[in-house]
Undergrad: 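I'd like to ask you about the structure that follows.
Positions are given from 1 along the sequence. Predicted model, so just to flag it, every value in this text is computed and none were measured.
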Amino acid sequence: MIILDWLRNILGDKSIDTDLKMDIATSGKKIVIKNNQAPVTIIQIGGNVTNETLNQLSPIVDKYEKKELIFLAEEQDNQVKKVISAEDNPESKGVIKTFQGVLSEQDIFLLRTGLYIRQLTKSGGNNNEEIQKIKRDVWATHGERANNIVNLSSAGYYGNYFRMLYKDLIKQNPQEGKTKFLKEHEDIIKNMPLAIFVNSSMGADEVTDKVIELALRNITYGVTDDTITLHAIGQNVKTVEESLKYLRTKFSHIKTKRPLKNINQTVTKIYYKENNLTEEDKTTS
């Protein structure tokens with residue numbers, strides 16, 4: 001069936017089975033399909049929906065109990081349009097194109113969710129309630145790791161840090177670059193709550209302030225992990241080096257390494273519990 005093959009290609013799934021829960025609804029002359037495993041993966045089939053097309057979709061519907069299907073209301077057309085718009089801008093297209101086939105299908109869904117949140121944030125307006133709902137759904141359904149991916153994606157790190165890292169690794173070693181990237185990516189995702197990603201818009205003073213602020217917060221809340229990690233790549237390495245001139249006067253144990261050969265990337269671990277922070281630092285942070 002052509003329509004089913006098309007769906008598999010769009011969803012990045014070779015076989016549509018019980019592991020893939022979908023909501024299907026007809027609304028006028030179109031069908032909306034929403035993949036529950038990724039809160040914003042919505043596909044719109046435009047044009048006249050024929051009985052033949054509906055019949056081709058029926059095997060998917062028959063696989064699920066009626067309670068698992070949500071029939072989307074007509075007013076949700078705006079939601080569909082926003083999702084389509086979020087993935088139709090050059091930034092999102094570039095990110096998805098880079099990592100499609102690199103990250104797992106599940107991680108791509110999460111990355112796209114983050115891109116949608118990023119678009120909502122940029123568009124302004126009263127979108128906070130929708131953003132928070134998506135984040136809650138991600139956490140409740142997929143847990144902390146998924147939440148970290150969504151947060152990194154919505155903050156733009158797949159468009160700059162991760163994309164630059166991936167391209168550098170592939171250029172250096174086309175055969176092993178993907179494997180090295182996935183290992184580095186997983187390490188970062190697991191430790192993300194204690195990490196700071198330095199980007200080109202940040203100066204050394206801002207990096208310094210963020211480290212001290214995070215250190216004080218972790219100490220206040222009794223976080224057991226004892227390191228904060230600074231990630232930098234390309235020109236941002238110099239920013240970290242400049243920031244460390246001051247941070248070394250506040251933290252007695254700091255280690256910097258270059259984990260990947262021939263890549264201008266640094267990972268700096270700051271053992272923040274070994275500190276010389278003053279009351280003034282606590283006041284200004």
Undergrad: Can you tell me how far apart CD1 (Ile233) and CG (Asp168) are? Round to the nearest 0.5 Å.
TA: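 Reported value, rounded in 0.5 Å steps: 5.0 Å.
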Undergrad: Can you tell if the side chain of Tyr272 reaches within under 4.5 Å of the side chain of Asn218, non-hydrogen atoms only?
TA: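 Yes - at least one pair of side-chain heavy atoms lies under 4.5 Å apart.
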Undergrad: Could you tell me whether the side chain of Asp107 reaches within less than 4.5 Å of the side chain of Val102, counting heavy atoms only?
TA: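 When only atoms from C-beta onward are counted, Asp107 and Val102 do not touch, as no gap falls below 4.5 Å.
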Undergrad: Can you tell me how far the CD1 atom of Ile149 sits from the CD atom of Glu144, to the nearest 0.5 Å?
TA: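 Ile149 CD1 to Glu144 CD: 11.5 Å, rounded to 0.5 Å.
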Undergrad: Examine the side chains of Thr256 and Thr266 and answer whether a donor and an acceptor come within less than 3.5 Å of each other.
TA: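 Result is no, nothing qualifies.
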Undergrad: Is Lys269 salt-bridged to Asp226, going by a charged N under 4.0 Å from an acidic O?
TA: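 Here Lys269 does not pair with Asp226 in a salt bridge, since their nearest N and O are not under 4.0 Å apart.
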Undergrad: For the residue pair Phe251 and Tyr246, is the inter-centroid distance of their aromatic rings smaller than 6.0 Å?
TA: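 They do not qualify: ring centres at least 6.0 Å apart.
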Undergrad: For residues 154-164, run the donor-acceptor check on the side chains, cut-off 3.5 Å, and write out each pair with its distance to 0.1 Å, sequence neighbours left out.
TA:
{"unit_1": "Ser154", "atom_1": "OG", "unit_2": "Val150", "atom_2": "O", "d": "3.1"}
{"unit_1": "Ser154", "atom_1": "OG", "unit_2": "Asn151", "atom_2": "O", "d": "3.0"}
{"unit_1": "Tyr157", "atom_1": "OH", "unit_2": "Phe197", "atom_2": "O", "d": "3.4"}
{"unit_1": "Tyr158", "atom_1": "OH", "unit_2": "His185", "atom_2": "NE2", "d": "2.7"}
{"unit_1": "Asn160", "atom_1": "ND2", "unit_2": "Gly156", "atom_2": "O", "d": "2.9"}
{"unit_1": "Tyr161", "atom_1": "OH", "unit_2": "Gln265", "atom_2": "NE2", "d": "3.1"}
{"unit_1": "Arg163", "atom_1": "NE", "unit_2": "Gly159", "atom_2": "O", "d": "3.3"}
{"unit_1": "Arg163", "atom_1": "NH1", "unit_2": "Gly94", "atom_2": "O", "d": "3.2"}
{"unit_1": "Arg163", "atom_1": "NH2", "unit_2": "Gly159", "atom_2": "O", "d": "3.4"}

Undergrad: Under the side-chain contact (heavy atoms from CB on, under 4.5 Å) rule, what do Ser153 and Arg118 come out as? Steps first, then yes or no, please.
TA: CA-CA 8 Å; Ser153 177; Arg118 183 169 175 79; over 6 Å; no
Undergrad: Heavy-atom distance under 4.5 Å between the side chains of Asn276 and Thr249, does that happen here?
TA: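 Not in contact.
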Undergrad: Among the clusters formed by ILVMFWY side chains lying less than 4.5 Å apart, do Leu165 and Val267 turn up in the same one?
TA: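 No, no single cluster joins them.
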Undergrad: Decide whether Met202 and Leu214 are clustered together by the hydrophobic rule: side chain heavy atoms of Ile, Leu, Val, Met, Phe, Trp, Tyr closer than 4.5 Å, transitively.
TA: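 Yes, one cluster joins them.
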Undergrad: Could you measure the distance from the CD1 atom of Ile96 to the CZ atom of Arg112? Nearest 0.5 Å is fine.
TA: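 Taking CD1 in Ile96 and CZ in Arg112, the distance rounds to 5.5 Å.
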Undergrad: Between CG of Leu247 and CD1 of Ile270, what distance do you get to the nearest 0.5 Å?
TA: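 Those atoms lie 5.0 Å apart.
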Undergrad: Can you tell if the side chain of Val138 reaches within under 4.5 Å of the side chain of Lys135, non-hydrogen atoms only?
TA: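 Not touching, per the 4.5 Å side-chain cut-off.
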Undergrad: Evaluate the criterion side-chain contact (heavy atoms from CB on, under 4.5 Å) for residue pair Arg145 and Glu186; output intermediate values, then yes/no.
TA: CA-CA 9 Å; Arg145 180 184 179 280; Glu186 194 61 29; 2.8 Å; yes
Undergrad: Is there side-chain contact between Thr229 and His231, with at least one heavy-atom pair below 4.5 Å?
TA: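 Of all side-chain heavy-atom pairs linking His231 with Thr229, at least one is under 4.5 Å.
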Undergrad: Under a single-linkage definition using a 4.5 Å side-chain heavy-atom cutoff for Ile, Leu, Val, Met, Phe, Trp and Tyr, are Ile188 and Ile170 assigned to the same hydrophobic cluster?
TA: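 As far as the 4.5 Å side-chain criterion goes, Ile170 and Ile188 are connected within one cluster.
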Undergrad: Going hydrophobic residue to hydrophobic residue with side-chain gaps under 4.5 angstrom, can you get from Leu277 over to Val211?
TA: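 Cluster IDs for Leu277 and Val211 match.
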Undergrad: Any side-chain heavy atom of Asp209 sitting closer than 4.5 Å to one from Glu213?
TA: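 The answer is no, as the side chains (C-beta and beyond) never meet within the 4.5 Å cut-off.
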Undergrad: Can you tell me how far apart CD (Glu184) and CD1 (Ile189) are? Round to the nearest 0.5 Å.
TA: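 Glu184 CD to Ile189 CD1: 11.0 Å, rounded to 0.5 Å.
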Undergrad: Regarding Asn236 and Thr239, do their side chains bring together a donor and an acceptor under 3.5 Å, going by distance alone?
TA: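 Side chains of Asn236 and Thr239: no pair found under 3.5 Å.
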Undergrad: I want to check something: taking the side chain as every heavy atom from C-beta on, are Lys250 and Asn275 in contact at a cut-off of under 4.5 Å?
TA: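 No - every pair of side-chain heavy atoms lies 4.5 Å or more apart.
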Undergrad: Check whether any side-chain N or O of Asp225 sits under 3.5 Å from a backbone N or O of Thr227 as a donor-acceptor pair, and report yes or no.
TA: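 Between the backbone of Thr227 and the side chain of Asp225 there is no qualifying donor-acceptor contact (under 3.5 Å).
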Undergrad: Identify whether Ile131 and Ile134 are in the same connected component of the hydrophobic contact network (ILVMFWY, side-chain heavy atoms under 4.5 Å).
TA: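 Per the 4.5 Å side-chain linkage, Ile131 and Ile134 are co-clustered.
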Undergrad: Within the 4.5 Å heavy-atom criterion, are His142 and Asn147 side-chain neighbours or not?
TA: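 No, side chains not in contact.
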Undergrad: Working to the nearest 0.5 angstrom, can you tell me the gap between Thr98 OG1 and Lys93 NZ?
TA: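 Between atom OG1 of Thr98 and atom NZ of Lys93 there are 13.5 Å.
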Undergrad: Evaluate the side-chain contact (heavy atoms from CB on, under 4.5 Å) criterion for residues Ile228 and Thr268: first the C-alpha distance (whole Å), next the side-chain angles of each, then the deciding distance (0.1 Å), finally the verdict.
TA: CA-CA 8 Å; Ile228 293 171; Thr268 302; over 6 Å; no
Undergrad: Inspect the surroundings of NZ in Lys190 and state if more than 12 heavy atoms from other residues, nucleotides or ligands are less than 6.0 Å away.
TA: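 Atom NZ in Lys190 is not crowded, with 12 or fewer foreign heavy atoms closer than 6.0 Å.
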Undergrad: Between Glu242 and Lys238, is a side-chain contact (heavy atoms from CB on, under 4.5 Å) present by the stated rule, with each step listed?
TA: CA-CA 6 Å; Glu242 188 66 27; Lys238 290 184 178 180; over 6 Å; no
